[in-house]
Amino acid sequence: MLTLLLSAALVAATPVLREDNIPEIVSMMTLEEKAAIVVGGASRAFDGIGRDCDPVKGSAGNTHAIPRLGIPFIVLADGPAGLRINPTREGDEKTYYCTGFPIGTMLSSTWNTDLVEEVGRAMGNEVLEYGVDVLLGPGINIHRNPLCGRNFEYYSEDPLLAGEMAAAMVSGIQSNGVGACIKHFALNNQELNRLHNDALVSERAMREIYLKPFEIAVRKAQPWTIMTSYNYINGIHASESPDLLTAILRDTWGFEGTVMTDWGGGYDTAAQVHAGNDMVQSGSDRRYFELIDAVKEGRLEVADLDKCVARVLKLIVKSPRYKGYAYSNDPDLTAHAAVCRKAADEGVILLKNRKALPYKGNVALFGVTSYRFIAGGTGSGDVHRPYVVDLKQGLSDEGYELYAPLDGFYTEYMKDEDWRCRMIDGNNSWVIDRERPIEIVPMDLIASSAKEAGEAVITFGRVFGEGKDRDLYHSYMLQSRERELLEAVSSAFHKEGKKVVVILNIGGAVETASWRDLADAIVLAWQPGEEGGHTVASVLSGAVNPSGRLPMTLSMRYEDEPSAPNFPLIYADKPFNYSFYRRLENNRKDMSVKDIDYTEYKEDIFVGYRWFNTFAKKKIAWPFGFGLSYTSFRWSGMKVKETSDGWEVTLTVKNTGKMAGKDVVELYVSAPGKDMEKPKRELKGFAKTSLLDPGCSETVTILLPSGSLASYDEDSATWVTEKGRYTLSAARNASDRGIRKRIRI
Ligand code: BGC
């Protein structure tokens with residue numbers, strides 16, 4: 001009896017996890033329990049509740065639960081174009097689709113942080129209502145090279161634009177009481193050999209370009225979590241770097257959240273924990289035992305492990321699952337589809353328009369992609385969306401009449417192509433490029449439609465994603481069949497005095513210079529999410545006036561790209577040899593192959609327009625920040641006022657055209673560049689107007705904090721602001737002189 005009472009008293013005395021007793025809980029945990037909290041749920045050695053609970057099918061992972069201490073598991077799921085979970089469950093008739101939002105690159109093309117925050121709010125609501133605790137997004141690496149397979153998930157070549165977008169997205173997601181995860185920290189700029197590649201980069205380029213978006217997002221939005229990248233940085237694995245994870249991220253930027261590895265990322269578990277990488281995801285038995293052994297053998301201080309455990313517990317107590325949130329499994333997908341469309345509408349970029357648009361009339365719709373629109377990219381960034389509106393559907397819903405014989409022809413052709421693609425895709429892993437319908441050139445119908453239809457619309461599509469970079473000829477350049485189609489349509493329609501519009505339904509930059517003269521209008525529609533066809537149809541008709549701006553430079557030729565000499569180039573005529581690229585998996589001794597084992601960031605801080613503006617005498621196809629509108633705007637009255645913390649720039653934008661529209665003011669700063677090498681100009685702020693009716697004006701305000709003028713000085717390891725005269729230019733894009741004012745430091 002006495003023993004029973006005693007053990008009952010002991011049980012009663014065991015505390016359960018609360019926000020205010022984390023140190024006490026950590027002190028009560030066994031070494032095994034601590035290892036289990038740090039190593040993700042995919043490790044099964046721990047005698048607790050791990051991956052097997054799998055409460056949200058198709059999520060990426062979870063943490064272990066320790067019921068005796070009142071510690072629940074929490075669920076982590078991808079990201080970043082929407083929540084990625086399985087849409088169906090065995091023995092369950094209900095569906096669990098999630099909204100497929102526009103890709104990251106398209107969201108940044110809106111240059112509208114309020115809108116991106118709204119997307120984040122909708123996305124985060126699905127996270128909450130489907131019982132997930134942390135969304136593994138946004139992805140915020142810099143677009144260093146157009147061939148990086150994951151650029152679609154990322155925002156921009158410019159760190160300020162990427163950082164502002166990231167902060168807005170994180171705020172939106174987290175307003176639901178769920179966590180966001182900015183990834184991949186850091187320099188994950190190529191997919192080839194991604195687990196082993198060593199990014200060799202100067203400290204300055206790292207701080208000013210590659211870490212900057214993360215710094216902005218951390219300082220402005222405090223994401224609950226951050227994911228370390230798969231690669232090495234200057235010889236140290238990102239997840240094993242105390243400098244990156246503790247000195248920079250926590251001690252300098254003030255990050256208060258939890259750090260996790262990418263799935264299976266890194267090698268030395270003890271080194272990761274020592275560096276401040278709190279969670280090792282998705283976890284494995286090997287990792288679990290490695291951690292326990294490291295502590296037992298004295299290779300890892302318990303104090304280091306305890307810090308990580310405490311930070312994971314801090315994440316858990318914030319989670320909806322800890323708080324017992326009763327999720328509905330029923331988010332409002334209709335309302336979120338409207339948000340998706342609104343964002344896509346603003347992310348479309350009109351690259352060229354020679355009186356071809358807006359157009360309403362009979363359309364001859366060409367290109368297999370018009371009939372099978374691409375909503376997003378592949379890999380973990382793909383979303384199981386309930387539907388995708390293609391352009392044919394979008395045009396019909398917008399009231400367009402399609403040239404019927406062509407429509408009938410494609411409908412039949414696509415049936416066969418769908419079947420062929422299904423056969424090939426079969427059980428292929430997501431690392432293999434998704435098979436796409438083969439482009440076709442229907443010569444007779446081109447001739448007849450040129451006589452009978454009003455305009456020709458051709459869509460070209462590109463899809464790619466995680467695990468592989470794009471190949472130059474197949475993905476970046478126009479393919480020979482596509483060129484044939486464009487040439488034939490262009491010649492037939494132009495002979496009849498009719499216009500040709502090209503839609504680019506793509507996940508990243510493509511070559512345009514060699515064919516752009518064949519088109520009268522070019523609409524860059526990116527991968528616009530599930531409502532894509534509606535968005536593009538509204539832009540064609542003029543119901544939506546395009547207001548997107550390029551988040552990267554479009555060069556004339558791939559060879560002109562500053563990073564081209566130091567990026568792995570894949571040619572379609574060389575079969576892709578995965579085993580070669582993965583050969584280093586178990587052997588890091590031979591680190592000798594350029595661009596595969598290591599990649600030198602020789603262009604340094606001169607990424608994208610910073611390069612083209614400063615050095616290249618070469619022409620570019622379209623500058624960073626570029627985008628046309630159906631209306632015209634006049635800018636006037638630029639004022640620069642000094643404030644306690646920098647400068648406030650104001651400018652009045654007036655719609656002088658005939659259609660309502662939005663405009664974007666981009667603020668570039670040119671530094672004296674005498675004591676320090678500086679790019680010719682750098683984006684330091686931007687503002688998008690509201691929808692301005694013809695004749696209406698708005699005064700936009702852009703804040704320029706004084707700290708934003710500083711550059712990283714490697715000798716003193718500090719941020720230094722050069723003295724002298726700075727030019728502030730309110731411009732339409734990175735190549736536009738704009739309206740200028742000078743300030744003196
Ligand atoms: C990707 C991450 C993703 C994780 C979980 C990894 O392969 O690199 O971006 O969040 O898988 O699915």
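Every value quoted in this text rests on a predicted model; they were computed, and no experiment measured them. Remember, it's 1-based here, ligands and their atoms both numbered in the order they're listed.
Residues passing the ring pair (Phe, Tyr, Trp, His ring centres under 6.0 Å) test with Tyr476 are Tyr558, sequence neighbours excluded. Not a single ring pair (Phe, Tyr, Trp, His ring centres under 6.0 Å) links Phe373 to another residue, sequence neighbours left out.
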- Task: Before giving the answer on salt bridge (charged side-chain N to carboxylate O under 4.0 Å, His left out), spell out for Asp304 and Arg311 the whole-Å C-alpha distance, their side-chain angles and the decisive distance to 0.1 Å.
- Result: CA-CA 11 Å; Asp304 282 348; Arg311 288 191 289 245; over 6 Å; no
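Put simply, the side chain of Gln190 never gets that close to the backbone of Phe567: no donor and acceptor are under 3.5 Å apart. Side-chain N or O atoms of Trp263 include one that pairs as donor or acceptor with a backbone N or O of Ala60 at under 3.5 Å.
Comparing heavy-atom distances from atom 3 (C) of ligand 1 across Asp78, Leu136, Leu76 singles out Asp78 as nearest. Checking His184, Arg84, Glu466 against atom 7 (O) of ligand 1, the nearest heavy atom belongs to Glu466.
Proximity to Lys183 (heavy-atom distance under 4.0 Å) selects the following atoms of ligand 1: 2 (C), 3 (C), 9 (O), 10 (O). For ligand 1, the atoms closer than 4.0 angstrom to any heavy atom of Asp262 are 1 (C), 2 (C), 3 (C), 4 (C), 6 (C), 8 (O), 11 (O). Within ligand 1, the atoms closer than 4.0 Å to a non-hydrogen atom of Ala60 are 5 (C), 12 (O), numbered from 1 in the order shown.
When non-hydrogen atoms are compared, ligand 1 lies under 4.0 Å from the side chain of Arg194 (C-beta onward) but not from its backbone. Here Gln281 has no heavy atoms under 4.0 Å from ligand 1, in either its backbone or its side chain.
Checking Ile236, Val259, Ile233 one by one against Leu244, the side-chain contact (heavy atoms from CB on, under 4.5 Å) holds for a single residue, Ile233.
Residue contacts with ligand 1 leave out Glu153, since none of its heavy atoms falls under 4.0 Å from the ligand. For Arg150, the heavy-atom gap to ligand 1 drops under 4.0 angstrom. Residue contacts with ligand 1: Met227 is included, with a non-hydrogen atom under 4.0 Å away.
Residues Tyr232 and His196 keep their aromatic ring centres 6.0 Å or farther apart.
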